[in-house]
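Below is one structure, written out as structure tokens, with a few remarks after it.
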There are 2 protein chains.
Amino acid sequence: MANNTNIKYSTKEKILKYAIKEFLEYGFYGARMQRIADKAKINKAMLFYYYKNKKQIYKEALISIFKTVIENLINISNEDVPIEDKIKEIIDIYADFATKNPDYLRLVQYEFSRGGKDFAKYNILKDISKSQFFPLNPDTGNIFKYFDKKMKSGEIRNINLAHLIISIAGQVMASFFARPLFETIGVYKSSDFDKFIKERKEFIVKLVLDGIKKK
Amino acid sequence: MANNTNIKYSTKEKILKYAIKEFLEYGFYGARMQRIADKAKINKAMLFYYYKNKKQIYKEALISIFKTVIENLINISNEDVPIEDKIKEIIDIYADFATKNPDYLRLVQYEFSRGGKDFAKYNILKDISKSQFFPLNPDTGNIFKYFDKKMKSGEIRNINLAHLIISIAGQVMASFFARPLFETIGVYKSSDFDKFIKERKEFIVKLVLDGIKKK
DNA sequence: TTATTAGTTAACCAATTGGTTAGTTAATTG
DNA sequence: CAATTAACTAACCAATTGGTTAACTAATAA
């Protein structure tokens with residue numbers, strides 16, 4: 001039985017789902033097994049029935065989240081649209097994912113704030129970073145190919161594409177990562193975060209476009 | 001006596017110093033009072049002699065760190081230098097501080113990953129964000145004044161300055177915040193982080209300059 | 001039907017935790 | 001000097017923690 005019936009598989013899934021919420025709220029050390037069980041409305045012993053220990057649950061949560069994040073940020077199309085549209089597409093994908101999955105982003109941030117110890121240890125990106133779609137892959141990444149063409153045709157000046165991608169992502173993600181700061185000092189009126197993000201997207205598009213186009 | 005002799009004051013200072021290291025390594029919940037005492041080579045009971053409890057030590061650590069961070073990132077001069085130099089100055093200040101204080105940045109990142117609960121609660125920026133030097137202060141911030149002048153003189157196009165500052169800071173800080181990612185996927189050759197930062201600084205200067213200058 | 005296996009549970013436990021206490025030593029003060 | 005206060009310590013403790021165990025139930029298979 002074990003792995004295939006609905007009920008039983010869903011218990012294992014539930015554990016991961018609520019464990020993620022717990023790790024997010026309290027971090028690895030602050031997370032409590034009992035609370036995960038309570039949230040999932042199951043007996044605590046089930047955690048140890050399906051997983052070896054706390055560390056392993058965290059590991060699987062990390063892997064699951066990073067895969068989701070990467071898979072979502074990777075979907076840059078291969079279409080040969082005007083640069084304006086391409087830049088917009090990239091920024092939209094990043095901002096939309098961050099908007100819809102604030103929790104996932106926060107766990108990434110948490111893991112990075114720990115120096116990414118487990119992130120490195122578990123070889124989470126081993127396969128995916130070699131994928132031909134991985135945006136930072138200089139040989140095959142779709143973004144690389146696209147901008148390479150635009151540089152050769154002279155539409156944009158010669159730039160380091162890894163830096164361009166980091167710059168775009170950095171500008172977008174900063175809006176989410178430093179949100180507590182912005183709210184505290186009142187960069188935008190409270191509850192106007194969405195409007196703030198919309199403005200930011202437009203600002204970044206224009207800054208980057210003007211920054212890379214040939215004069 | 002208490003507060004004024006060297007030896008005794010330095011015990012209290014030692015606690016904060018090593019508590020910061022501990023919080024950084026393990027987060028709030030993972031931090032152990034015994035380990036802080038061991039690191040500081042003092043008796044554990046001294047922690048409770050000088051501070052009410054663990055939470056208060058974290059609070060004071062946070063306040064101390066945020067003050068240092070802000071005070072360092074605030075020092076943008078009032079000088080009327082060419083835009084090239086001004087952009088460079090801002091980027092240098094951010095990158096240099098991040099390079100020299102990786103630990104501080106990581107605790108900021110950690111606190112933000114928790115949603116900045118304590119950051120908001122302790123009113124850490126209450127005073128400082130109203131300072132006339134605070135870069136995001138639109139009325140008096142030095143950066144605002146400088147760029148405002150450049151916009152009026154027509155050297156740069158009309159832009160939202162808060163967004164500009166966030167964009168610059170975001171691009172610089174991304175290099176440090178996402179370091180575990182960059183190292184895992186090999187964006188730069190290992191042990192070449194400094195070179196990578198130097199490249200990034202140059203890239204950002206050029207992108208931003210071309211992005212805001214009038215054609 | 002019966003045996004086997006998977007799923008689930010309550011009760012339990014050793015180890016660790018943040019925090020306290022009662023007392024000692026060292027410094028300051030009058 | 002004696003008296004007071006501050007700095008410091010070892011031993012302790014209640015509460016909590018991650019993890020185990022032995023027993024129970026429900027499903028599947030022969």
Side-chain angles (χ1 to χ4, degrees), chain A residues 1-62 107 110-111 114 117-118 121-122, chain B residues 1-62 107 110-111 114 117-118 121-122:
Chain A
M1 243 312 94
N3 280 329
N4 293 335
T5 64
N6 280 339
I7 297 154
K8 287 149 194 190
Y9 182 62
S10 104
T11 296
K12 199 182 176 186
E13 267 199 333
K14 257 196 265 173
I15 293 174
L16 208 60
K17 176 178 167 187
Y18 291 102
I20 288 174
K21 285 185 197 288
E22 177 73 10
F23 285 131
L24 223 123
E25 215 173 331
Y26 299 99
F28 176 76
Y29 298 99
R32 297 293 169 242
M33 305 300 268
Q34 185 60 61
R35 242 178 348 221
I36 295 175
D38 291 348
K39 281 175 179 162
K41 283 168 190 154
I42 53 167
N43 190 288
K44 192 184 72 166
M46 296 309 292
L47 304 181
F48 298 95
Y49 181 75
Y50 286 108
Y51 299 92
K52 198 183 152 208
N53 52 27
K54 190 184 183 183
K55 191 104 208 181
Q56 221 224 333
I57 299 184
Y58 182 71
K59 176 179 173 175
E60 306 227 358
L62 256 198
L107 200 79
Y110 167 72
E111 177 60 20
R114 304 174 63 220
K117 291 176 217 164
D118 292 324
K121 192 161 65 192
Y122 302 146
Chain B
M1 243 312 94
N3 279 330
N4 292 334
T5 63
N6 280 338
I7 297 154
K8 287 151 194 187
Y9 182 61
S10 105
T11 296
K12 200 181 176 186
E13 266 200 334
K14 257 195 267 174
I15 293 174
L16 208 59
K17 177 178 165 186
Y18 290 102
I20 288 174
K21 284 185 198 288
E22 178 72 11
F23 285 129
L24 223 124
E25 216 173 330
Y26 299 98
F28 176 76
Y29 298 100
R32 298 292 168 241
M33 304 301 266
Q34 186 60 61
R35 243 180 345 223
I36 296 174
D38 292 347
K39 280 175 180 163
K41 281 167 192 157
I42 54 167
N43 190 289
K44 191 185 73 167
M46 297 309 291
L47 304 181
F48 299 95
Y49 181 75
Y50 285 108
Y51 299 91
K52 197 184 153 209
N53 51 26
K54 190 184 183 182
K55 191 105 206 181
Q56 221 224 333
I57 299 184
Y58 182 71
K59 175 180 172 174
E60 305 228 358
L62 256 198
L107 200 79
Y110 168 73
E111 177 60 20
R114 304 174 64 220
K117 291 175 217 165
D118 291 324
K121 193 162 65 192
Y122 302 148

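All heavy atoms count here, side chains included; hydrogens, waters and symmetry mates do not. Throughout, protein chains are lettered first and strands after them, A, B, ... in sequence-line order, and every chain is numbered starting at 1.
Note that CE of B:M46 and OG1 of B:T11 are 5.5 Å apart. Values are rounded to the nearest 0.5 Å. Note that the CD atom of A:E60 and the CD1 atom of A:I20 stand 10.5 Å from one another [nearest 0.5 Å].
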Nucleotides 9-13 of chain C: which of its N/O atoms have a protein N/O under 3.5 Å away?
| unit_1 | atom_1 | unit_2 | atom_2 | d |
| --- | --- | --- | --- | --- |
| C:dT9 | OP2 | A:N43 | N | 3.2 |
| C:dA10 | OP2 | A:N43 | ND2 | 3.0 |

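Residue A:T11 has no polar side-chain atom (N or O) positioned under 4.0 Å from OP1 or OP2 of C:dG7. Proximity of B:Y50 to the phosphate of D:dA6: no side-chain N or O atom is located under 4.0 Å from OP1 or OP2.
Not counting sequence neighbours, the partners of B:F48 by the side-chain contact (heavy atoms from CB on, under 4.5 Å) test are B:M33. In terms of the salt bridge (Lys or Arg N to Asp or Glu O under 4.0 Å) criterion, residue partners of B:E22 (sequence neighbours excluded) are, by chain and number, B:R35, B:K39. Residues meeting the salt bridge (Lys or Arg N to Asp or Glu O under 4.0 Å) test with A:K52, sequence neighbours left out: none. For A:K121, the salt bridge (Lys or Arg N to Asp or Glu O under 4.0 Å) partners at least two apart in sequence or on another chain are A:D118.
Across the protein-nucleic acid pair, B:K12 atom NZ and D:dA6 atom C1' stand 14 Å apart, rounded to whole Å. Atoms CZ (B:F48) and P (C:dT17) sit 12 Å apart, rounded to a whole Å. Going from atom CG of B:N53 over to atom C1' of C:dG19 covers 9 Å, rounded to whole Å. Computed from coordinates, the B:L47 CG to D:dA7 C1' distance equals 14 Å when rounded to whole Å.
Of the residues in residues 20-38 of chain B, none lies under 4.0 Å from DNA chain D by heavy-atom distance.
For the ring-ring contact (aromatic ring centres under 6.0 Å, His included) with B:Y58, the qualifying choice from B:Y29, B:F28, B:Y51, B:Y122 is B:F28, the only one to do so.
At least one side-chain heavy atom of B:I57 sits less than 4.5 Å from a side-chain heavy atom of B:F23.
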